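What follows is one structure encoded as structure tokens, with my remarks underneath.
Residues take their numbers from the sequence shown, with the count starting at 1. Just so we're clear, the structure is a prediction, and the values are computed from it rather than from any experiment. Whatever order the structure lists ligands and atoms in, that order sets their numbers, starting from 1.
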Amino acid sequence: MIESVGKGRTWVLSGTASSYGLHLTDGDELLHLHWGPRISGADAEALAAQGLPPCWPFESQLDGHEEYPVEGGPRFVRPALSVRTDMVRGTQWTFAGAEVIDGDELRLRFTDALHGLGLTLHHRMRGDADVIERWVTVTHEGEGPDLELLRADAATWTLPQRGHWRLSQLHGRWAAESLLVRSELTYGEKVLSSRRGHTGHQHLPWVALDAEGATEEHGEVYGCALAWSGSWRIAVQRLPDGLVQITGGAGYDDSGLLRLAPGQSYTSPVFAGLWSDGGFGGASRAWHAWQLAHVIPDAASERPVLYNSWEATGFDISEEQQRALARRAAAMGIELFVVDDAWFGQRTSDRAGLGDWTPNAERFPQGLKPLADEVHALGMQFGIWVEPEMVNADSDLYRAHPDWVQHHPGRARTEFRNQLVLNLAREDVQACLWEQLDGLLSSAPIDYVKWDFNRCFTDVGWPGEEYPQKLWVEHVHALYALLDRLRAAHPTVAFESCSGGGGRIDLGILSRTDQVWTSDNTDPLDRLGIQQGFTQLHPARVMAAWVTDSPNVQLNGRFSTLRFRFVSAMAGVLGVGGDLTEWSEGELTEARGWAELYKKIRPVVQHGGLYRLRAPEGGLSAVQYVRGDETVVLAWLQAQHYGELPPRLRLRGLDPAAAYECLDTGAVHRGSVLLHHGLHTGLKGDMDATVIRLRRR
Ligand code: DGJ
């Protein structure tokens, strides 16, 4: 809902529990008014009437108060927008009108007469959520020279005045993604970014801020998350007077996004913001609900239990071996069988084949169809792995088109994992990828594509192109367009976003993929920490997790029980990635039982409200999911010490007046007791884990 008051120069957007307010002064300065609990138009007018507080010498009265601070004029904060022609840098805006679209999107238009530039600020708050989606459009509306868009952030967020702010972030690296860390926000700027061409393993493009010691279930939390899968930057600034602003968008520095000729425009990605007074857990659940309702495609469907052969077979694959794995997987209750790397071109190692998306003739003499048919006959869907944005120098594609990769003339072409990055901004590259992938998806009954991206950008050059810098942004636009086109042409195919594990997880890719590969780290204990961080923002419905072999092959050689591995992976979208040919009959039977149990709890795990009951740092950790009358608790005990009973788990989200029956033991628990005193898990020893299912009576 959007209210416009105060001579049409004050606006309030309201969602289910929160409001967001803006005010345009008589001097056309757009000020931020409010972000927090619901307020009325009259409240917003009263706030606007207070005007700006006085400021100290050497400071600007506007700083910390503007909705979208730009470069130019009396401002010293980090500008969200920076534009230049050959002659003039910076902008000066005149208000040109407001518009409400579909009842939930406010568009505020401004023009800069000197540059002939138009700027539209978009704010959308849907009636069923508290997430505000913000983005900008910048258009060259004049006839003059081209304009260089040095930076155009999607939004700047302004927080209310409080004492001490604490910053939460999700940092990491390969095999250690989305680890939650909290620290005091001191004066100056904290910059999180990727300068790698993809979202990156190093930070999820998300921050959360709380001022008064929010806990998992209590207190005010502000969060912001960017919907962009290329390089990005979020700068959190604590200004001299203590005010906090967060500005973010595409690109890691201010050295140029795009050049706009007359008539051309740039639309930024969405930078979404959320206020919650339900603590970090309340904020997560609100983020999850919004993504399930408005971001993730076909989110109401359930994701199948998959098998992936990567850890079992690596590059050494054959049709017969995949058939053998498929038969074992089907017997275990797997629903989707995915052939990972090495089915195509001359891909017998990571040295060759990327770019040639046709089945390897020795490994799959009749193509993929016979295997796909057998997998279907076994009752499973069939999926494959691709990495379309890359080539190996040893590939037919690169031999034919060495100029199709990002490179600087006269400079070495950096290889990581023996691969180079295709220049997706080129139309011929786009056309070739479309043809290859559309052809592939038409050549066999393929239900699922795991789309990987295994190296960062290094040599972002484009010989012959006037403004090669645009490649950073246009690569991402081309990737999105290719995915959108493939999805439209093959609507039954689901896509997974992978980038050496969790290197490309963001709201942008999630709006066009069905799930993400959370991490190459499949150690079940490490995964608990990764999942704790991941679920701060994203729902279990997209969080793929595999049960692999013990000792762990990929990373650390750790021994773990099959029970612990399964319950850890059941916290998201369950998959299996072990070498099933080495599993004993006993293990296969046990695994079948876990897969069956997962299918029973799946609706609650994938679509329920998620409560993180105990963080993984301690001996006992647990997550609870609630959907309607159903509740599922997953709990893990790493190691028991001195024979002590692990503490009871106090549950959340239940009705204190109701009774809950445990579906496995038949025991009946009172809601008030579960909430206040908790539930014994019965866990003991090392690497123990359990699934507790409760139903309201
Ligand atoms: C990186 C992915 O994260 C792995 O799961 C696997 O698909 C390999 N790439 C294959 O090269």
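Arg303 pairs by the salt bridge (Lys or Arg N to Asp or Glu O under 4.0 Å) definition with nothing, not counting sequence neighbours. The side chain to side chain donor-acceptor pair (under 3.5 Å) check on Gln321 picks up nothing, with sequence neighbours excluded.
The protein atom (non-hydrogen) at minimum distance from atom 11 (O) of ligand 1 is Asp341 OD2, 2.6 Å. With respect to atom 4 (C) of ligand 1, the closest heavy atom belonging to the protein is Asp520 OD1, 3.4 Å. Looking only at heavy atoms of the protein, atom 9 (N) of ligand 1 is closest to Asp452 OD2, 2.7 Å. Counting only heavy atoms of the protein, atom 6 (C) of ligand 1 lies nearest to Asp340 OD1, 3.3 Å. For atom 5 (O) of ligand 1, the closest heavy atom belonging to the protein is Lys450 NZ, 2.8 Å. Among protein heavy atoms, atom 8 (C) of ligand 1 sits closest to Trp310 CE2, 3.6 Å.
Side-chain contact of Glu311 with Thr522: a donor-acceptor pair under 3.5 Å is present, judged by distance alone. For the 3.5 Å distance criterion, the side chains of Tyr480 and Ser511 fail to qualify, holding no donor opposite an acceptor. A donor-acceptor pair shorter than 3.5 Å cannot be found between the side chains of Arg504 and Thr199.
Every atom of ligand 1 is numbered from 1 in the order shown, and the set under 4.0 Å from a heavy atom of Trp385 is 7 (O), 10 (C), 11 (O). The atoms of ligand 1 that sit less than 4.0 Å from any heavy atom of Cys498 are 2 (C), 3 (O). For ligand 1, the atoms sitting less than 4.0 Å from at least one non-hydrogen atom of Gly501 are 3 (O), numbered in the order shown with element in parentheses. The distance from ligand 1 to the heavy atoms of Trp517 drops below 4.0 Å at these ligand atoms: 3 (O), 5 (O).
Under the 3.5 Å distance criterion, the side-chain polar atoms of Arg426 are left unmatched by any main-chain donor or acceptor of Trp404. No side-chain donor-acceptor contact under 3.5 Å links Arg541 to the backbone of Gln291. Looking only at distances, a side-chain donor or acceptor of His201 sits under 3.5 Å from a matching main-chain atom of Gly500. Within the 3.5 Å criterion, the main-chain N or O of Arg527 finds no donor-acceptor partner in the side chain of Asn521.
Only side-chain heavy atoms of Asn454 come within less than 4.0 Å of ligand 1; its backbone N, CA, C and O stay farther off. Of the heavy atoms in Gln554, none comes closer than 4.0 Å to ligand 1. With a 4.0 Å heavy-atom cut-off, ligand 1 is reached by no atom of Glu387.
Between Ile505 and Ser178, the closest side-chain pair of non-hydrogen atoms is not below 4.5 Å.
For Glu311, the closest heavy-atom approach to ligand 1 does not fall below 4.0 Å.
Residue Arg347 places no N or O, backbone or side chain, under 3.5 Å from any N or O of ligand 1.
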